[in-house]
Amino acid sequence: DKYNGELYVMGHTIDILPMHPLRKDSEEEKRVELHLHTKMSAMDGVGEIENYIKVAKSMGHKVIAITDHGVVQGFPEAQKHATELGIKVLYGAELYMVDDNLHYAFNPQDILLHDATYVCFDFETTGLSSKYDRIIEFGATRFEKGVVVDTIDFFINPGRPIPKKITDITRITDEMVKNAPGEKDVLTKIKSFIKDAVLVSHNAEFDIGFLNEALDRNGQEKITNPIIDTLALSRYLFPEARYHNLGALCRNLEITSYNDDEAHRADFDARILNEVWLAILNILVRDNMMMTHADLAKLKANDAILKHLKPRHVVVLAKNELGLKNLYKLISLSHINYLAEIPKIPRREMIKHHEGLLFGSACFNGEVFDTARTRNKEDLKKVLAFYDYIEVQPIPNYCYLVNVGSIENNKQVQRFIEDIIEAADEIGKPVVATGDAHYVNPEEKIHRDVYIMAKAVGGKPHPLNTNPYERAGEVYYENPDQHYRSTKEMLKEFCFLGEEKAREIVVTNTNKIAQTVQELFPVKSKLFAPKIPGTEEFLRSLCFKTAREWYGNPLPQHIEDRLSRELNGIINNGYSVNYYIAHKIIAKAKEDGYLVGSRGSVGSSFAATMAYITEVNPLKPHYRCPNCKNSEFVSDSKYSSGYDLPDKLCPVCGTKYIKDGQNIPFETFLGFNAEKIPDIDLNFPSDYQARAHDYTKELLGEDSVFRAGTIGTTADKTAFGYVRGYFERLGQDPNTVPRAETAYLASHLTGVKKTTGQHPGGIMVIPNDKEVYDFTPVQYPADDKESTWKTTHFDYRAIHDSLLKLDLLGHVDPLALKMMCEITNINVEDIPMNDPKVISIFSSDQSLGRKNNFLKVETGALAIPEFGTDFVRGVLRKTRPNTFAELVIISALTHGENVWANNAEDLIDQKICGLRDVIGCRDDIMTYLTDKGLEPKIAFAIMESVRKGKKVAPQLADIMRAHNVPEYYISSCNKIKYMFPKAHAVAYVMMAVRVGYFKVYYPLEFYATFFSVRSKQYEFNTMLKGEDAITTRIEELRRKTLNRSERLQPKEVGIYDTLKIAIEMVERGYKFGNIDLYKSDAVNFTVDYDRGVLIPPFTVLDGLGESAAYSVIEARKDGKFLSKEDLLSRTKLNNTNMEELESLGVLNDLGDTNQISIFEF
DNA sequence: CAGTCCCGTAGGCATAC
DNA sequence: ATCACGTATGCCTACGGGACTG
Ligand SMILES: Nc1nc2c(ncn2[C@H]2C[C@H](O)[C@@H](COP(=O)(O)OP(=O)(O)OP(=O)(O)O)O2)c(=O)[nH]1
Ligand SMILES: [Mg+2]
Ligand SMILES: [Mg+2]
Ligand SMILES: [Zn+2]
């Protein structure tokens, strides 16, 4: 397209080709992948577990491991898809292990530190490996009785070229060592210098490793001198410090003689080290003059060292249920006790929890490969001993190290791999070839490339990025190949070992490991409900007590029957504790002066009504007498809500009847036989929610309640951003990339974990006889140690079937109602549900009494919760409801995709149904189908699948047809994407009616509350100016919505929403007053009854937030503001705030400075 | 007095009921 | 190009300004 530069393909005919075949594996005997990352490896894995499993199946693989970075959040999906395809999953994770017991001393001896003789020394070498590299310089100082008595420094010819990298660091060239003696000729010299002194080195394992290796090579004994490591001591002394190199240690010890120009030469470093050691020695013996070399081992480092200890990757696989639990414990410990930006786990905890687990040595970030790179075989074997099996990976997996120059070339990588295998063979540790897969197929490599290029959460570069700081001129090397490899591919990668050896590590050993692992199912389907002695009886008697208070004693038989039946279901299925707790929290909130809103399917339970958990009464429409407890049930099908019954006096005692009953089946909540696991939902005022949550800890104990966790992943918008960033960093303008390509790439980047979070209200309850680790690991949300809640590592869906949830949600409605009740002195319970004027606002705006109608509204539903949007008001306009029952139907019809639009609306338009016979809520489906003669359980199952947006299964649709369910009904079911339970609709209509009551009868209080708690955005100068200004602005914004090329910014949408309510208020004859330094509240609109206006809070101004607003309230308690200067200095207002206040005329009475102001007095 | 850190404010995004 | 589900919590980032620090 020449106009927009996009590439277009014009299709004339379309042939549907067969699916691209999944990859095969031509080897007969299959390998097992023991190291694999899914999208749950944050900002790194791009392979979908479902696809891994499908490809594994296609390749004939029977087993596959899942080992994400530090987490097990991929387990649920893995189990789901593996079960479907009959693949066995090895459940595990790749953990970050640290050694937090520091080795300050080697070869311990009982020598008094304060008067020992020391040799501080340092080597320069050709590289990091004591085996493959050589010493090129030795420098040392000898220190006796408080004075340096000798120093020494000389070069050693390594007999090989010095790598450029080393010359860059040390400034030592081949030329300088050319005439120096060789290694063999200097050993005696070194030994005679150090004699039997205590040796001090910075990173002793490195220096001593080189020395011993050299001695060994030349047939000499290793040294036995006592050794001190100042690197470990640096961590001990400065646990918070990030860096512990010699320069950093000098800065921390305030040693100033260190300088970068002379550093990294053995003579200089040895001299500095001598100073360093003296300083440390002073600190150590200050408290304990008698401290010995051996005593150093007893020093106990602070936990803060964890943060800066280098983590080593270790793969952990669960062999059985015990192992799974131990794995969950390790995951929890690392995310809670040892969290240090990343979840670390000390080796000792690994050892403690080893039972049921297999430890594998992981990738090049594991200690095995590191040891192979830096140490000799003997050390390597010691390291290998910790592991149950040893991993080696294809050479391309290590390319990062070669690219950045840490390893010379692939040949050297191969040598390290061979060394590892040789050492492992000698001590009988099985070696396995692992692929460390990060994506499924080779062509998906670019998806990971995009993530390697992207910044992780917190702005951190990906560890494999070869130009992490985006320096111009530096290279982004090609990233390693890490797709899911076939046996054939893997054998080829290891052909350098010879056919037999390759087969052993690729096929034989991986299968052996897999065989020692039991097939596990981490997602449990059995429910473990909490038990507290006495709660069942408490609940039963509470419910019957309320019932008798309401309906008399003895209870009418059908009420007694329903309550008993419900209570049996509730108690037998383990819900009594949750009912009990919900009851207690609500009682507490009320005691604390708060309202609690009802919500959710629990309103279908009469027992819940009786326990005051919901305001919804699910019984059939009825009257009951508050005085003599007489009740009267109404069978007239005209009334489907008790609130619509005509007023009536009790025939027995003449008292005005209470009207109630919504006709809701209990089964919507729990099913016929507890087929589903509902939660209990409650709407707490937003400012009370946290307290409600805290109270569960008090009631059940800290170890029994956990906030449900959520997993935040990359979705569309973020994915597009990453793709654009990727092209930008490669120097390409992302706007020149075809949109289709960007979209294609982005679509493959979604679902990758970024962070974790907290469920909006869900509190998971752990039964007393279980531990949380029986179900899930725990963590802090977003790994934030300051969080008041620990969260479940798995999200709610994964543990839905095994644990109960209390959903203590936040909502503005109860908060708003409380505010309105307080300023009007009205009791919520006294607000009628059938006030004709109030009900009329849902079909007409007459009762609002407005002078003008700029927006041409036809109903009064604006600003009524869940009814005030353009869409819902449109439905109201079309249906003009005038009963509570109709509002309930409309509530459900206007929530969820394809419920009204493309569905009920069409049926009504085509006169196939009336408003009262379309599917008007979830429960309708079950009731209707049972009436048609379907088995209740089948009717229930269909209801559940419809409300979840799933189509009715074909067999079930056939059953429906067999029972004469019309085709339109089936297709209506199939279109619904989501549907309210009736109980929820009732609860929400109740709230809407209450809010409507205030809107009709207490407009100023209503608008004050609306603007305080609902409005997201204000444009206060427009609001203050009044009707003309508001209508002009609305018109301007509306024109923008109609204009296709222009879109309203989110902020403008907010302003638009607020102005719509503002104009309604103004048309009803009410006004906004100005901000008043002494009358305005910090955050809420208040009513000025004298002037009949609303006084805005300070926060209506953009950029003036809560903190600044409250500071004004505080400051004015200390007396009047004398001047603008005074106001500015006594509050947290900033200059922009001041300017805005000024332009609104709020500061008219104030002079610029105090002098003038005093003068004016 | 410039650099750094922390706080307040706002907006974007993802997830959930 | 969205004639439509509405309302909630929470995490991350950017930015500007004041307090702190070398
Ligand atoms: N508007 C709207 N409301 C929702 C949606 N999902 C849930 N709600 C409301 C209505 C639900 O009854 C209420 C509680 O949600 P739950 O997830 O607990 O489901 P519910 O209680 O209906 O069924 P349950 O028995 O818990 O499985 O929250 C939604 O997608 N849109
Ligand atoms: Mg629920
Ligand atoms: Mg819920
Ligand atoms: Zn009576």
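Note on naming: letters A, B, ... go to the chains in the order of the sequence lines (proteins, then strands), and numbering restarts at 1 for each one. What you see is a predicted model, and the numbers here were worked out from it, not measured in a lab.
Contact check, A:Arg797 against B:dA16: no side-chain N or O comes under 4.0 Å of OP1 or OP2. Between C:dG6 and A:Thr869, a contact under 4.0 Å exists linking OP1 or OP2 to a side-chain N or O. The shortest distance between the side-chain N/O atoms of A:His759 and the OP1/OP2 oxygens of C:dT9 is not below 4.0 Å. In this structure, A:Thr755 reaches the C:dC12 phosphate: one of its side-chain N or O atoms is under 4.0 Å from OP1 or OP2.
One can place CZ of A:Phe684 at 15 Å from C1' of C:dT9, the figure rounded to the nearest angstrom. The CD1-C1' distance, from A:Ile711 to B:dA14, rounds to 13 Å in whole Å. Counting to the nearest Å, the P atom of B:dA16 and the CG atom of A:Leu808 are 17 Å from each other. Between the P atom of C:dT7 and the CZ atom of A:Phe871 lies a distance of 12 Å, rounded to the nearest Å. In this structure, CZ of A:Phe794 is placed 18 Å from P of B:dT15, rounded to the nearest angstrom. Rounded to whole angstrom, the span from the OH atom of A:Tyr722 across to the P atom of B:dA14 amounts to 9 Å. Protein atom NE2 of A:His895 is 8 Å distant from nucleotide atom C1' of C:dT7, rounded to whole Å. One interatomic measurement links the two molecules: CZ of A:Phe1010 to P of C:dT7, which rounds to 9 Å at whole-angstrom precision.
Nucleic acid contact class of A:Ser686 (heavy atoms, under 4.0 Å, all strands): sugar-phosphate only. Residue A:Asp784 is classed as having no contact, given no heavy-atom separation below 4.0 Å to the nucleic acid. Among the atoms of the strands shown, only primed sugar atoms or phosphate atoms (P, OP1, OP2) are found under 4.0 Å from some heavy atom of A:Val812. Note on A:Arg707: only backbone sugar-phosphate atoms sit closer than 4.0 angstrom, heavy atoms only; bases stay farther off. Within the nucleic acid shown, A:Asp807 comes within 4.0 Å of sugar-phosphate atoms alone, with no base atom in reach, counting heavy atoms only. Here A:Arg873 lies out of heavy-atom contact (under 4.0 Å) with every strand. Within 4.0 Å (heavy atoms only), A:Gly868 reaches no atom of the nucleic acid at all. Within the nucleic acid shown, A:Lys805 comes within 4.0 Å of sugar-phosphate atoms alone, with no base atom in reach, counting heavy atoms only.
Under the salt bridge (charged side-chain N to carboxylate O under 4.0 Å, His left out) criterion, A:Arg251 pairs with no residue, sequence neighbours left out.
Of the candidates C:dT9, B:dC17, C:dC5, B:dC17 carries the atom nearest the A:Leu809 side chain, counting heavy atoms from C-beta on. In this structure, the nucleotide among C:dA4, B:dC17, B:dA14 sitting nearest to the side chain of A:Asp681 is B:dC17. The side chain of A:Pro1050 approaches B:dG12 more closely than any other nucleotide in the set B:dG12, C:dA8, B:dT15. Distances from the side chain of A:Tyr796 to the nucleotides B:dC17, C:dT7, C:dC5 place B:dC17 closest. Of the candidates B:dC13, C:dG10, C:dG6, the closest approach to any side-chain atom of A:Thr718 belongs to B:dC13. For A:Asp795, counting side-chain heavy atoms from C-beta on, the closest listed nucleotide (B:dA16, C:dT9, C:dA4) is B:dA16. Considering only side-chain atoms of A:Ala715, the nucleotide from C:dA4, C:dT7, B:dT15 that sits closest is B:dT15. Minimum atom distance to the side chain of A:Ala782 is reached by C:dC12, of the listed C:dT2, B:dC13, C:dC12.
Heavy-atom neighbours of A:Lys1016 NZ from other residues, nucleotides or ligands within 6.0 Å: at or below the threshold of 12. Counting heavy atoms of neighbouring residues, nucleotides and ligands inside a 6.0 Å radius, atom CZ of A:Arg739 does not exceed 12 of them.
With hydrogens and angles disregarded, no donor-acceptor distance shorter than 3.5 Å links the side chain of A:Lys754 to the backbone of A:Ala456. With hydrogens and angles disregarded, no donor-acceptor distance shorter than 3.5 Å links the side chain of A:Thr614 to the backbone of A:Ala608. Side-chain atoms of A:Lys785 come within 3.5 Å of backbone N or O of A:Leu339 as a donor-acceptor pair. In terms of modelled atom types and a separation under 3.5 Å, the side chain of A:Ser601 and the main chain of A:Phe669 share no donor-acceptor contact.
The two atoms that bring A:Ile908 and A:Val918 nearest to each other are CG1-CG1, 4.0 Å, heavy atoms only. In terms of heavy-atom proximity, A:Ser598 sits nearest to A:Ala987 at O-CB, 3.5 Å.
Taking a pair to require two hydrogen-bonding distances under 3.5 Å in either a Watson-Crick or a G-U wobble arrangement, B:dC1 pairs with C:dG22.
The shortest distance between side-chain heavy atoms of A:Thr668 and A:Arg922 falls below 4.5 Å.
Nearer the 5' end of DNA chain C, as judged by each residue's closest nucleotide, is the contact made by A:Glu905, out of A:Glu905 and A:Asn1134. Comparing A:Leu1133 and A:Phe867 against DNA chain C, the residue whose closest nucleotide sits nearer the 5' end is A:Phe867.
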Fill in the blank from the handout: Letter by letter from the 5' end, nucleotides 2-10 of chain B scores (B base, S sugar-phosphate only, - none; protein heavy atoms under 4.0 Å) ------SSS
